[in-house]
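In what follows, a single structure is set out as structure tokens and then discussed.
In what follows, every chain begins at residue 1, and chains take the letters A, B, ... in the order their sequences are listed. Since we're looking at a predicted model, the values are computed, not measured. Note that these values count all heavy atoms, side chains included, but never hydrogens, waters or copies made by symmetry.
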Amino acid sequence: MPELPEIESIRRALERSIVGQRIESATIGPHDMRARGAGRAAGKPRPGRTWASARELLVDGRVASLERRGKQLAIVADDGRALVVQLGMSGQLLVTRDAPATHRHVTWSLAGRGARLLVFRDPRRFGGIVPHEYVQAMRQCWDRELGPDGLDARHAPIDRLREGTRHVKAALLDQSLVAGIGNIYADEALHAAGIRPTRRCNRLSRDEAARVLAESRRIMRGSVSRGGTSLRDHVLPEGDPGSARRLILAYGRSGLPCHGCGLPMKGGRVAGRSTTWCTKCQR
DNA sequence: CAGGTATCCTGTCCGC
DNA sequence: TGCGGACAGGATACCT
């Protein structure tokens, strides 16, 4: 479900609604949930179900900040504990008074007025959580495993994108190269930059590599300012679906006219993912 | 070893 | 209306 703009929109909404709140308690379940996301290897092995302790779930802490890099989102407590929440394909973080009936994995009780709940809900269970005793250790994991954030223009990995023989789309989806681009924004960036997703990285000119990264930033920034893209089930913590859908000009439009030239767009599979592009506008 | 593919899940949609 | 199959925005274990 979520890519960088959706997760940044969720981060901003949580920043407004839960920073300063004390976490009174947390419960896991009822379903199985795994450790997923950057920093996973740094922790203990994480088998199944109720492995996370109250301490790891930030109980008795006060929410100090929400940090994001790429698609990783972390709740940081005032004593330095951090919990990374990886939303996977279908994960949601909700702030509500009534716990959703289905697919709840972690439910936090927030102290204070109204006794609200923060809920990690994830129907497909591709998501997970990774606890860190100290936020500094979490940042080290992120530095080790993730490329620069996809919104960061100053560290755009232009030359690294030109390395190797894989398809450029596969490289854009590689979180260790640039963090945050997913299947939708990869197609959008390649379409806007006029580059075919099957182009090999080492056949990109420097200008083309710079262009596709710049387009990905431009499109993702626009999406963030509209609260993210709701194609299926993206929701902000208070239930708003976001309104960036009309920024999506390529993804999922196979057979429909290209916004550039009007010819029907081509659909197929690239890097194991469904992919849409224009055979005329993208070379 | 870089790169492709199968796999973890549930929900939804489409054709019969 | 019901049912089977395809497919879904992510990440990774495991092949080649």
Side-chain angles (χ1 to χ4, degrees), chain A residues 1-10 30-41 45-49 68-73 84-92 100-105 120-130 141-142 145-147 150 160-190 197-202 216 219-220 223-224 227-236 241-242 244-245 247-255 267-276:
Chain A
M1 182 259 298
E3 303 182 31
L4 187 155
E6 290 71 48
I7 291 164
E8 174 61 13
S9 300
I10 291 166
H31 294 290
D32 178 66
M33 177 190 53
R34 313 166 230 188
R36 290 238 185 196
R40 184 192 66 266
R46 302 295 188 185
R49 181 150 181 182
R68 180 194 63 77
R69 175 138 155 201
K71 301 172 199 167
Q72 310 287 318
L73 180 62
V84 178
V85 179
Q86 164 86 43
L87 296 177
M89 290 276 253
S90 59
Q92 305 168 334
T102 55
H103 308 303
R104 255 180 310 138
H105 294 116
F120 173 38
R121 179 174 184 270
D122 180 19
R124 276 179 88 178
R125 284 189 267 162
F126 285 10
I129 57 174
V130 181
C141 289
W142 287 7
E145 299 172 27
L146 301 174
R160 281 196 63 203
L161 180 58
R162 301 178 63 204
E163 293 172 4
T165 58
R166 61 183 168 173
H167 295 143
V168 60
K169 171 150 178 177
L172 291 176
L173 294 173
D174 179 350
Q175 301 299 299
S176 70
L177 182 68
V178 51
I181 300 176
N183 203 31
I184 293 180
Y185 293 98
D187 277 10
E188 295 305 316
L190 288 163
T198 49
R199 184 87 76 79
R200 304 284 168 177
C201 287
N202 58 9
S216 73
I219 297 164
M220 291 195 295
S223 184
V224 168
T229 309
S230 183
L231 286 190
R232 215 170 234 112
D233 47 10
H234 161 66
V235 284
L236 295 172
R245 172 149 198 185
L247 299 181
I248 304 305
L249 304 180
Y251 175 82
R253 297 193 67 256
S254 134
R269 266 188 123 66
V270 178
R273 311 295 296 278
S274 73
T275 302
T276 309

Length of the [atom1]-[atom2] vector between [X] and [N], whole Å:
| X | N | atom1 | atom2 | result |
| --- | --- | --- | --- | --- |
| A:I184 | C:dG10 | CD1 | C1' | 12 Å |
| A:L87 | C:dA11 | CG | P | 10 Å |
| A:D187 | C:dA8 | CG | C1' | 14 Å |
| A:L173 | B:dG4 | CG | P | 12 Å |
| A:K71 | C:dA11 | NZ | C1' | 8 Å |
| A:E163 | B:dG3 | CD | P | 10 Å |
| A:K169 | B:dG3 | NZ | P | 17 Å |
| A:E3 | C:dA11 | CD | C1' | 13 Å |

Contact under 4.0 Å: [X] side-chain N or O vs [N] OP1/OP2:
| X | N | answer |
| --- | --- | --- |
| A:Q86 | C:dA11 | yes |
| A:H103 | B:dC9 | no |
| A:R269 | C:dA6 | no |
| A:S274 | C:dA8 | yes |
| A:R124 | B:dC9 | no |
| A:S90 | B:dG11 | no |

Quiz prompt | Pi stacking test for A:F126 and B:dC8: under 5.5 Å apart, planes under 30° | solution =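 Per 5.5 Å and 30° rule: yes, stacked.
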
For residues [X] and [Y], determine if any side-chain heavy atom of one lies less than 4.5 Å from a side-chain heavy atom of the other.
| X | Y | value |
| --- | --- | --- |
| A:E8 | A:L73 | no |
| A:S274 | A:N183 | yes |
| A:E3 | A:M220 | no |
| A:I10 | A:H234 | yes |
| A:R166 | A:D174 | yes |

Self-check item: B:dC1: pairing nucleotide in any strand, Watson-Crick or G-U under 3.5 angstrom
Solution: none

Exercise. Look at the side chain of A:Q175 and the backbone N and O of A:L173, then say whether any donor-acceptor pair between them is shorter than 3.5 Å.
Key: yes

Quiz item: What is the nucleic acid contact for A:G182, judged by heavy atoms within less than 4.0 Å: base, sugar-phosphate only, or nothing?
Solution: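 Since only primed, P, OP1 and OP2 atoms lie under 4.0 Å of A:G182, the category is sugar-phosphate.
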
Self-check item: Nearest-neighbour nucleotide for the A:R200 side chain, C:dG10, B:dG4, C:dA11 considered
Solution: B:dG4

Self-check item: Selected nucleotide, minimal atom distance to A:R166 side chain, candidates B:dG4, B:dG11, C:dG10
Solution: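 Of all the options, the side chain of A:R166 is nearest to B:dG4.
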
Quiz prompt | Span that lies between the P atom of C:dC3 and that of B:dC9, in whole angstrom | solution =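 Rounded to whole Å, the distance is 24 Å.
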
Practice problem: Take atom P in C:dA11 and the same atom in B:dC1, then report the distance between them in whole Å. | Solution: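 To the nearest whole Å, 24 Å.
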
Quiz item: Is any side-chain N or O of A:R125 under 3.5 Å from a base N or O of B:dC9, one able to act as donor and the other as acceptor?
Solution: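 Such a pair does not exist between side chain and base.
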
